[in-house]
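Below is one structure, written out as structure tokens; comments come after it.
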Amino acid sequence: MAFITVTSGHETKTFKVLDRDIIEQIIYRLDAQEIIETAYRGYIPYKKTGHATINLKSGKLETVSLGKREFPHPFDDIRIYLFSIELIDNEDLLDEREIKIKNQYAKQGKSFNDFCRENNIDIKQRSIQLALNDLKKNWDLMSCGIVDQLDHFYL
């Protein structure tokens, strides 16, 4: 076990957390799909960003869902942010043929959801796959951010 100190305004609290090496082991044993699905659970299109996080006190992978002007209190935010899903452009989920068909639906006044339902397109699965590709493509950069967060807590 380790102890970290967090300050908010004029108040300071000390928290008992798992050792850094244990947190690092937990992070590097995680499956990319599990990270993405955890972030996706907190994602509400155009309303909330979904975050996959590791709770430093428990070592558990957790979902955090935050709106644009929402911020967790520092005493409640003893965690490492692994991956976030902020905004998924619907057209990024479609191939060129599907985009043309979707545009025809739009001209008829039908919604994107109508288009997906009538064409058996699983938006959740495609969104997860898109985020998974992003995670794999940018893992080195994201790893640096994770190390920076670890350094912040474990001075």
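Sequence positions, counted from 1, serve as the residue numbers for this chain.
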To the closest 0.5 Å, what do you measure between CD1 (I101) and CD (E118)? 11.5 Å
Counting only heavy atoms from other residues, nucleotides and ligands, does the tally under 6.0 Å from CD of E96 exceed 12? no
D89 side-chain N/O to E91 backbone N/O, donor-acceptor pair under 3.5 Å: yes
Could you see if F83 belongs to whatever hydrophobic cluster contains I27? Use Ile, Leu, Val, Met, Phe, Trp, Tyr and a side-chain cutoff under 4.5 Å. yes
Residue pairs passing the side chain to side chain donor-acceptor pair (under 3.5 Å) test with at least one member in residues 137-147, sequence neighbours excluded, are D134-N138, W139-S143
Is E98 reaching over with its side chain to a backbone N or O of D95, donor-acceptor style, under 3.5 angstrom? yes
Check for me, please, whether L30 and Y81 land in the same ILVMFWY cluster - side-chain distances under 4.5 Å, paths through other members count. no
Nearest 0.5 Å, what's the OH-CD distance between Y40 and Q125? 9.5 Å
Does F112 reach the side chain of K102, with side-chain heavy atoms less than 4.5 Å apart? yes
I44 to S65 - nearest heavy-atom pair and separation: CD1-OG, 4.5 Å
When rounded to the nearest 0.5 angstrom, what distance separates CZ in R29 from CD in E34? 13.0 Å
Taking the side chain as every heavy atom from C-beta outward, state whether N119 and Y105 have any pair of such atoms under 4.5 Å apart. yes
Is it true that a side-chain atom of S8 and a backbone atom of E11 form a donor plus acceptor pair closer than 3.5 Å? no
N90 to Y46 - nearest heavy-atom pair and separation: ND2-OH, 4.5 Å
Residue pair L61 / I54, side-chain heavy-atom distance below 4.5 Å: yes
Electrostatic pair K68:E86 at N-O distance under 4.0 angstrom: yes
Looking at A32 and L132, what are the two nearest heavy atoms and their distance? CB-CD1, 3.5 Å
Nearest 0.5 angstrom please: N55 CG to L18 CG, how far? 8.5 Å
Applying side chain to side chain donor-acceptor pair (under 3.5 Å), which residue pairs with at least one partner in residues 146-155 are found, sequence neighbours left out? R20-D151
Ignoring hydrogens and angles, state whether a donor on the side chain of T63 or T38 is under 3.5 Å from an acceptor on the partner side chain. no
Has the side chain of D19 got a donor or acceptor atom that lies under 3.5 Å from a matching backbone atom of D21? no
On a heavy-atom basis, the closest approach of G59 and I26 is O-CG2, 3.5 Å
With a 4.5 Å cut-off on side-chain heavy-atom distances among I, L, V, M, F, W and Y, is there a chain of contacts connecting I78 to M1? yes
Hydrophobic cluster identity match, Y28 and L135, side-chain contacts under 4.5 Å: yes
Check whether any side-chain heavy atom of R126 lies under 4.5 Å from a side-chain heavy atom of L94, and answer yes or no. yes
Tell me whether I4 is reachable from I80 by hopping between hydrophobic residues (I, L, V, M, F, W, Y) whose side-chain heavy atoms are closer than 4.5 Å. yes
Can you tell me how far apart OG (S127) and CG (D122) are? Round to the nearest 0.5 Å. 8.5 Å
Determine, step by step, whether K48 and L66 satisfy the side chain to side chain contact (heavy atoms under 4.5 Å, CB included) criterion, reporting the C-alpha distance in whole Å, the side-chain angles of both residues, the deciding distance to 0.1 Å, and the verdict. CA-CA 5 Å; K48 295 203 179 234; L66 297 171; over 6 Å; no
Check the pair I88 / I123 against side chain to side chain contact (heavy atoms under 4.5 Å, CB included), numbers first and verdict last. CA-CA 10 Å; I88 298 173; I123 292 302; over 6 Å; no
So that I can tick it off, tell me whether R79 and D77 are bridged by a salt bridge, with the cut-off set at under 4.0 angstrom between side-chain N and carboxylate O. yes
Would you check if I128 and Q33 make a side-chain contact, meaning some heavy-atom pair closer than 4.5 Å? yes
Got a second to check how far K47's NZ is from T49's OG1, nearest 0.5 Å? 13.5 Å
For the pair V17 and F153, evaluate side chain to side chain contact (heavy atoms under 4.5 Å, CB included) and give the outcome as yes or no after the intermediate values. CA-CA 10 Å; V17 297; F153 281 111; over 6 Å; no
